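Below is one structure; the comments refer to it alone.
What's counted below: heavy atoms across the whole structure, side chains too, no hydrogens, waters or symmetry copies. All values derive from a computational prediction rather than experimental measurement. In what follows, residues are counted from 1 in the order of the sequence shown.
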Amino acid sequence: EGLCALLGGKEAALADLDNLFKNVPKDMMWNDYYNHANEPVHHVPFLFNRLGAPWQTQYWTRQICKRAYRNDVKGLVGNEDVGQMSAWYVLSAIGIHPIAPGENRYEITSPVFNRIEIKLDPKYAKGSIFTIIANKNSNENIYIQSAKLNGKKWDNCWITHDKIVAGGVLELEMGEYPNKAWGLNSSEK
């Protein structure tokens with residue numbers, strides 16, 4: 001909220017974020033805009049969720065997964081730095097990512113996979129498995145249309161750690177076009 005105020009409000013912050021990403025080179029190699037190779041910016045695509053534009057988070061995390069990670073000599077746009085580049089990819093590819101240390105909130109984004117099962121450690125979790133299902137997921141269908149958490153409508157573009165470690169199912173309906181009404185709820189159910 002403070003950063004938005006300094007930037008001139010939510011609309012100005014969104015315009016700055018749009019500009020930051022629209023000027024990124026196709027190969028996402030080192031640049032003066034969103035520079036994925038510089039790990040301190042890894043939270044930036046998830047700021048769209050915080051600013052009420054979760055479809056932008058979905059679009060840009062998919063673009064980063066596709067353009068900054070490849071199976072070739074230039075497979076990573078930066079160096080690994082003790083696993084941070086890979087950790088970003090794994091979390092983004094499964095569709096959830098933390099934005100701030102010490103906060104129990106994970107931002108929901110467009111998963112690369114159709115189904116993900118996270119086996120939970122019984123020493124730390126009440127549940128045994130947390131599953132993320134992305135129905136109709138494809139290279140074209142990158143936008144979340146709606147979501148259910150354990151069979152109940154889920155309108156948040158985020159989920160808390162306690163919901164994940166309780167086990168259960170986050171089911172996402174995917175589509176080709178953004179649903180600009182999904183994910184705008186700011187209260188937890």
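- Here the closest non-hydrogen pair linking Leu149 and Lys163 is CD2-CD, 3.7 Å.
- Criterion: ILVMFWY side-chain heavy atoms under 4.5 Å apart, direct or through other members. Under it, Leu14 and Leu47 are part of a common hydrophobic cluster.
- Taken from CE in Met29 to CG in Asn35, the straight-line distance is 9.5 Å, to the nearest 0.5 Å.
- Using modelled atom types, one side-chain atom of Trp182 and one backbone atom of Trp154 make a donor-acceptor pair closer than 3.5 Å.
- Judged by distance alone, the side chain of Asn141 and the main-chain N or O of Glu176 form a donor-acceptor pair under 3.5 Å.
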Does the pair Ile108 and His97 meet the rule for a side chain to side chain contact (heavy atoms under 4.5 Å, CB included), with working shown? CA-CA 7 Å; Ile108 297 174; His97 200 287; over 6 Å; no

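- A distance of 6.5 Å separates CG of Asp27 from CZ of Arg70, quoted to the nearest 0.5 Å.
- To the nearest 0.5 angstrom, Leu17 atom CG is 8.5 Å from Thr57 atom OG1.
- Residues that satisfy the side-chain hydrogen bond (donor to acceptor under 3.5 Å, both in side chains) test with Glu103, not counting sequence neighbours, are Arg50.
- Under a 3.5 Å cut-off, the side chain of Asn185 and the backbone N or O of Asp155 do not form any donor-acceptor pair.
- Of the listed residues (Phe48, Phe21, Trp60), just one forms a ring pair (Phe, Tyr, Trp, His ring centres under 6.0 Å) with Tyr34, and that residue is Phe21.
- Put simply, the residue from Thr131, Ile94, Val165 that forms a side chain to side chain contact (heavy atoms under 4.5 Å, CB included) with Ile118 is Ile94.
- Here the two rings, on Phe46 and Tyr106, have centers that are 6.0 Å apart or farther.
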Derivation of the salt bridge (Lys or Arg N to Asp or Glu O under 4.0 Å) call for Glu117 and Lys119: CA-CA 6 Å; Glu117 289 187 359; Lys119 294 186 190 220; 5.3 Å; no

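- Residue Val77 comes nearest to Ala37 through the heavy atom pair O-CB, 3.2 Å, listed as atom of the first residue, atom of the second, then distance.
- There is a side-chain donor-acceptor pair under 3.5 Å between Arg62 and Ser110.
- Closest heavy-atom contact between Cys157 and Arg105: SG-NH2, 4.5 Å.
- A 6.0 Å sphere centred on CG of Asp32 holds no more than 12 heavy atoms belonging to other residues, nucleotides or ligands.
- Using bins of under 30°, 30° to 60° and over 60° for the plane-to-plane angle, the ring pair Tyr59/Tyr143 lands in the parallel bin.
- The line from CD of Glu173 to CD1 of Ile144 is 11.0 Å long, rounded to the nearest 0.5 Å.
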Derivation of the side chain to side chain contact (heavy atoms under 4.5 Å, CB included) call for Ile96 and Ile132: CA-CA 9 Å; Ile96 57 173; Ile132 301 168; 4.3 Å; yes

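- With hydrophobic clusters built from ILVMFWY side chains whose heavy atoms lie under 4.5 angstrom apart, Val44 shares a cluster with Ile64.
- Shown here for Pro111 and Met174, the closest heavy-atom pair between the two residues is CD-CE, 4.2 Å.
- Rounded to the nearest 0.5 Å, atoms CD1 (Ile142) and SG (Cys65) are 10.5 Å apart.
- Residue Leu20 is not grouped with residue Leu3 when hydrophobic side chains (ILVMFWY) are merged at heavy-atom distances under 4.5 angstrom, including chains of intermediate members.
- In this structure, Tyr69 and Tyr89 have tilted ring planes: the angle between them lies in the 30° to 60° band.
- Under 3.5 Å, the side chains of Asp18 and Gln56 contain a donor-acceptor pair of N or O atoms.
- The number of heavy atoms from other shown groups lying within 6.0 Å of CG (Asn71) does not exceed 12.
- In terms of hydrophobic clustering, with Ile, Leu, Val, Met, Phe, Trp and Tyr side chains grouped at heavy-atom distances under 4.5 Å, Ile133 and Val112 are assigned to different clusters.
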Check step by step if side chain to side chain contact (heavy atoms under 4.5 Å, CB included) holds for Asn49 and Trp158. CA-CA 8 Å; Asn49 274 8; Trp158 51 273; 5.6 Å; no

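- Linking ILVMFWY side-chain heavy atoms closer than 4.5 Å, directly or via other members, places Val41 and Leu51 in a single hydrophobic cluster.
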Which is it for Ile159 and Glu107 under the side chain to side chain contact (heavy atoms under 4.5 Å, CB included) test, yes or no, and what are the steps along the way? CA-CA 7 Å; Ile159 188 168; Glu107 304 301 319; over 6 Å; no

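- Ring geometry for Trp88 against His36 counts as perpendicular: the plane angle is over 60°, on a 0 to 90° scale with 30° as the lower cut.
- Interatomic distance, Ser146 OG to Asn135 CG, rounded to the nearest 0.5 Å: 8.5 Å.
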